[in-house]
Amino acid sequence: MSSEALERREAVRTDRRARYERMVEIRAVEDKIRGLFAEGLVHGTTHTCQGQEAVAVGVASALRPTDVVCCTYRGHGHALALGLTPLQVCGEIMGRVVGSIGGVGGSMHLCDMSVGLMPTFAIVGAGVPVAAGAALTAQVRGTDDVAVSLFGDGAANIGAFHEGINLAAIWKLPAVFICENNQYGEYSPIAATTPIENIAERAGAYGIPGEVVDGQDVDAVCAAVEAAAARARAGEGPSLLEMKTYRYAGHSRSDTAPYRPEGELEEWYERDPIDTFGARLVAEELLAVEEIVEIEASAKALAAEVAEQCMAAPAPGVGSMFENVLV
Amino acid sequence: MSSEALERREAVRTDRRARYERMVEIRAVEDKIRGLFAEGLVHGTTHTCQGQEAVAVGVASALRPTDVVCCTYRGHGHALALGLTPLQVCGEIMGRVVGSIGGVGGSMHLCDMSVGLMPTFAIVGAGVPVAAGAALTAQVRGTDDVAVSLFGDGAANIGAFHEGINLAAIWKLPAVFICENNQYGEYSPIAATTPIENIAERAGAYGIPGEVVDGQDVDAVCAAVEAAAARARAGEGPSLLEMKTYRYAGHSRSDTAPYRPEGELEEWYERDPIDTFGARLVAEELLAVEEIVEIEASAKALAAEVAEQCMAAPAPGVGSMFENVLV
Amino acid sequence: MARMRMNQAIAAAIADEMRENPDVVVFGEDVAVAEGPFKTSAGLLAEFGPLRVRDTPIAEMGFMGAAVGAAATGLRPVTEIMFVEFLGVALDQLVTEAAKFSYLSGGAVNVPMVMRASVGAGLGFGCQHSQVMESWIVGAPGLKIAVVSGPHNAYGLTRAAIRDDNPVAVLEPRVLYAGRGDVTTGPEGIIPLGRAAQPAGGDDVTLVCCGSTVRTALEAASGAEGWSADVIDLQTLQPWDAEAVLDSVRRTGRLATVEECPYSGGWGADIVSTVATEAFGDLSAPPIRLTAPDVHVPFGKELEQRYLPNAGYVAAQVGELLATGESPPHWWERDGALA
Amino acid sequence: MARMRMNQAIAAAIADEMRENPDVVVFGEDVAVAEGPFKTSAGLLAEFGPLRVRDTPIAEMGFMGAAVGAAATGLRPVTEIMFVEFLGVALDQLVTEAAKFSYLSGGAVNVPMVMRASVGAGLGFGCQHSQVMESWIVGAPGLKIAVVSGPHNAYGLTRAAIRDDNPVAVLEPRVLYAGRGDVTTGPEGIIPLGRAAQPAGGDDVTLVCCGSTVRTALEAASGAEGWSADVIDLQTLQPWDAEAVLDSVRRTGRLATVEECPYSGGWGADIVSTVATEAFGDLSAPPIRLTAPDVHVPFGKELEQRYLPNAGYVAAQVGELLATGESPPHWWERDGALA
Ligand SMILES: Cc1ncc(C[n+]2csc(CCOP(=O)(O)OP(=O)(O)O)c2C)c(N)n1
Ligand SMILES: Cc1ncc(C[n+]2csc(CCOP(=O)(O)OP(=O)(O)O)c2C)c(N)n1
Ligand SMILES: [Mg+2]
Ligand SMILES: [Mg+2]
């Protein structure tokens, strides 16, 4: 699996067209996952990231596979962007042995260290100090790797955010803290829980750079993360980046997002990260208009095929729950 | 006890000379306590506040007895300023039934709700959200009371600080958050743990006013707290005040403060809050120079007498540990 | 008497208390506008308004601490920890502050707050959202703990918890929210904390359970052949009803606990140990515990069901105990169990 | 072999591991420049420098999380929670993250971190700084827990904990830090996790203890008249050495645990319950637990000593158990006890 994941990662790192394709793939896989849950074919819950694909792909494009990424339950897009295969991701979500941790974790728990994906965090904020710790390893060992923590707008109000960033700042750790501000924490609009406009302003509380980034623009995301990572690699310490983005679907499986003001979703659709980037690539002549439909169609076909493969794959046996408890 | 405490409180609220006397009293009581511990006459540990008396008295002077105050283990000065008697305070520290909670708490655990002193907090940061909750009571009930949280510079790095202030900010609670920046968290200078110069700057992270105050000037403290409390009472929400101050003694009983840079203590002595305020009162002709020595002498005598009284008072009986566990 | 789902019973209990007492307030993540992720606060915002029913930021330490402060100054806050694991970021406020405040104020301050939390496995939420974690709070003098097992006692215990002057944790098995049952509403429906219920009676064994395992135990008992069981739903885990359990064991001579959690550190150890000490001479067979293994809650429908002790397992283990007079091995200790 | 205080033994253990393995790093509040509030990291900063030995901000969640991240990526962090109660603001990282990471990575990630914490009563620190709170962590699959009882095993268990590839909590009774004893240093001094020690042998009762109660049990046993005891120092509380305990009880027929904490939720319940299940037929008297009462740790020298089970109490209770064959009441249940 690892070498395929690494190849997939290399693709987005080096090729902007691959970034486009990966965003389309993420959308297709997430749509498929939502569909499977809606049909009642999968147990549990899921948190998809339609609309946020530019953040996932932009971040993965800017980082090296030896960099470490701590992301959340809303991490399918990041996992795919970092290189995990749709089979690894869907397999895990669907609880099959082909999943990235063998199907015992489910939708909130992906992992593949070969491309730097730490076990994803189902506890809000928990990944922030953990990323600081991964950055500590790089600092102690003198490598120039960085650790990245991705978290939501809602997570910026939890203690671990504060403690983790402060620790990284005082130790000048090579970390990049990235807030995916998708406007909602669960069903609450950010303004109901957060008394400031931009999470990035909180950087000031730690004496580190803070920047608001257009999270719908994969190029902008990539550039901002590259710059922050370069700073971190150079020993200048962490940064806080805020990606303004939007999730098209509800918070989780059961959420129909009735709390959204009318027209809001539609406004964001107009700045769809995939469409925007596709148009840009067309303008740059890196992509032909006809290819767009093909890419989408083949991503959908892939997602459907992978779902079938997962359906056909075995579920983990009873013994699996006893594995990896104690080393 | 309550009515004596209330009278003592009224004194500092209305009379600047009483504030001077109270600061002297706090110094004398704290010195006595340190002495008792040094002699091995008291069990456990203690955290005294010599040098920080202006904060304690300034805060108490600015608040009403119906306001609620959450302070820390370094709370003897606050307790005395709020009105608790030296007997209540020393009795508790020495583990006697005359103590404010009957002697079962010890140095870190004072309380007297008749003057608004909540159980003092031995867990760093814990009082911050609790004060937000007390402010919530005022808001829900529509009173114009405020709740005050006092905490150290070190506490500004803990999650509860972040969560408590953010909550108060978003709900516009009538709270005042006061950081007593005495330059050290335990044995660590603030610069070793906190990547910014002024804790007050963190107010920006919550969209509330932040202000640096000279914590060695009781008038300045009182004025700043009055203004912040007025704002809170008017429904305009919380503020963050940072009192720049210094603790003359070590962190706790056993600490001789070897980590202090040479000359630092002496510099702060020059701006001693008691001396400064005494001189000001003399200049204002509210105090005669001769009285200064008298006031100090009688405070020392009082502290000694109270210590004797406590020594003579009974320790709580075995039954006391079973009281107030479940209501 | 009304028929309702367990989440509705909880909302009804809170509403009834809010009607009676203006000091009762409710806050937590998405409990107001969205009426709770599990709809356990349906209707509260509409009826009681935004001053008393509030959404919080994602900040369990913050709002749990706010509950302590509010309770200490006169309100009766009911807070919601969406999944009990999130208490891992807020435990200090419940155990080290709330539970000790009365003591630390010489009795001057009560902290009548309720921490409701959804708990347990069975819905495929994975290992960070499927535990019960009573162990985090059982060893905390000053704190009461109720565990609800259906609409009826969810209503009654929730009301009792809100009326109690101590901090009370109410654990709500998530898997039961949608289940319907008859509920005695109104003041008669209030169920005192500290008292067990006995949903089934019998002679041969005492089955002690609570929360999600009550139905497991009942199902096991009702299908039993050749033996009958006293089924004791503890309802309150702290303080638990030792008298009810001891009385029953003195009669049946045998004890089995049915627990949702891993063997190590589970609540049943306290029960078994106390019974072994206090009723040693009355025991005619070793007391046993039927629990999950010492592993993380697995994802996957079948695995998760396998993880939990089910009625068939309970019946089989108890049957073996009765037949042999010896404690049967746990399922995961048997040959070939993990294949 | 060297004679040293327990805090020195701990510092020596860490230093020896740091010398052997450059991945071992140390951080916590005031552990570097000040060498630890209890001097358990004396000499480390001087020898290993500021890259590997660091003071943190007051942010237990932050640095515990950092330990998880560092351990998951190859370091072996040793962190210090100054008083175990502070884990109440950081529990999530230890129990819900560290202990589950191996599982949640399909075995790809180990988290070889150590969380050292000072625990227990006896020094007059009041009720928020005097508990042991094992209950917060015992019910956590994936986590090991050691409890040290003197310089010798403090050295040996600390080294074993640092070498272990799982997250390990090491609880250090504060009251023992200054005590001196002979320590086997070097590789032979390493004490494997999971194995109990037996500091005294006897025939009539098995006294199971750990941490601060080991000396209590030993003192009780050595002063006993008419009976002798197997004293078993568990050393590791998770996983605990059931074999050693069961073997002993099978021989003595009687069991008493000696615990520092309140009765409810104490570690002894797991021991008693397991023994009652597994060795029921071998017990000739009820197994008993000698614990503190279900109250907060009081301040005040005498009260605090009264709160803790002492040797005289242990001897008296065991004596009564042996004489009567019945479980004696706890001290606080006896007439006039609270007067
Ligand atoms: C400590 C904790 N509290 C609450 C939750 C429940 N929860 C899961 S996701 C979520 C919303 C998070 O919002 P945000 O950080 O904006 O991330 P998003 O879901 O929008 O990506 C909440 C409250 C949790 N998992 N952990
Ligand atoms: C959560 C927590 N962590 C650590 C401690 C130990 N501790 C007690 S006081 C203290 C220093 C606090 O510094 P600061 O906030 O500046 O207050 P000061 O003592 O200077 O008044 C520490 C680390 C604690 N009591 N609680
Ligand atoms: Mg969000
Ligand atoms: Mg300080």
### Task
For chain C, find which of B:M118, B:M113, B:R141, B:H162 contributes the most heavy-atom pairs closer than 4.5 angstrom.
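Sorted descending by pairs with chain C, the first entry is B:R141.
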### Message
I'd like to verify something: which residue of B:A126, B:G125, B:A132, B:A160 has the highest number of heavy-atom pairs under 4.5 Å with chain C?
### Response
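That would be B:A126.
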Would you say that [X] contacts [Y] through its side chain, given a criterion of any heavy-atom pair below 4.5 Å between the two side chains?
X	Y	answer
C:I81	C:M64	yes
C:M115	C:L171	yes
B:V59	B:L150	yes

### Message
The test is side chain to side chain contact (heavy atoms under 4.5 Å, CB included); show your working for B:V176 and B:D67 and say whether it passes.
### Response
CA-CA 11 Å; B:V176 183; B:D67 296 331; over 6 Å; no
When you measure from the side chain of [X] to the backbone N and O of [Y], does any donor-acceptor pair fall under 3.5 Å?
X	Y	value
B:T137	C:A70	yes
C:R195	C:D241	no
B:R231	B:S239	no

### Query
Quick one: are the ring centres of C:F101 and B:H109 less than 6.0 Å apart?
no
### Toward chain B, the part of C:D92 with a non-hydrogen atom under 4.5 Å
side chain
### Query
Contact part of C:T56 toward chain B, heavy-atom cut-off under 4.5 Å: side chain, backbone, both or neither?
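Its backbone and side chain both get close to chain B.
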Given a strict heavy-atom distance threshold of 4.5 Å, which part of [X] is in contact with chain C: side chain, backbone, both, or neither?
X	result
B:F121	side chain
B:A131	neither
B:E92	neither
B:I170	side chain
B:T120	neither
B:V140	both

### Message
What's the separation between atom CD in B:E163 and atom CG in B:L167, rounded to the nearest 0.5 Å?
### Response
9.0 Å
What residue, out of [options], has the most heavy-atom pairs lying under 4.5 Å from chain B?
options	result
C:N110, C:I58, C:V89, C:D164	C:N110
C:K144, C:M61, C:K100	C:M61
C:D165, C:L143, C:L51	C:L51

#### Entry: Inter-chain contacts: residues 10-48 of chain C against chain B, heavy atoms under 4.5 Å
C:D23, C:V25, C:F27
### Query
If every non-hydrogen atom of B:R74 is compared with every non-hydrogen atom of B:T48, which pair is closest and at what distance?
NH1-O, 2.8 Å
#### Entry: Non-hydrogen atoms of B:F161 and B:R202 that approach each other most closely
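Taking B:F161 first and B:R202 second, the nearest heavy atoms are CE2-CD, 4.0 Å.
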### Task
Might you work through the side chain to side chain contact (heavy atoms under 4.5 Å, CB included) test for C:S102 and B:V325, ending with a clear yes or no?
CA-CA 7 Å; C:S102 176; B:V325 177; over 6 Å; no
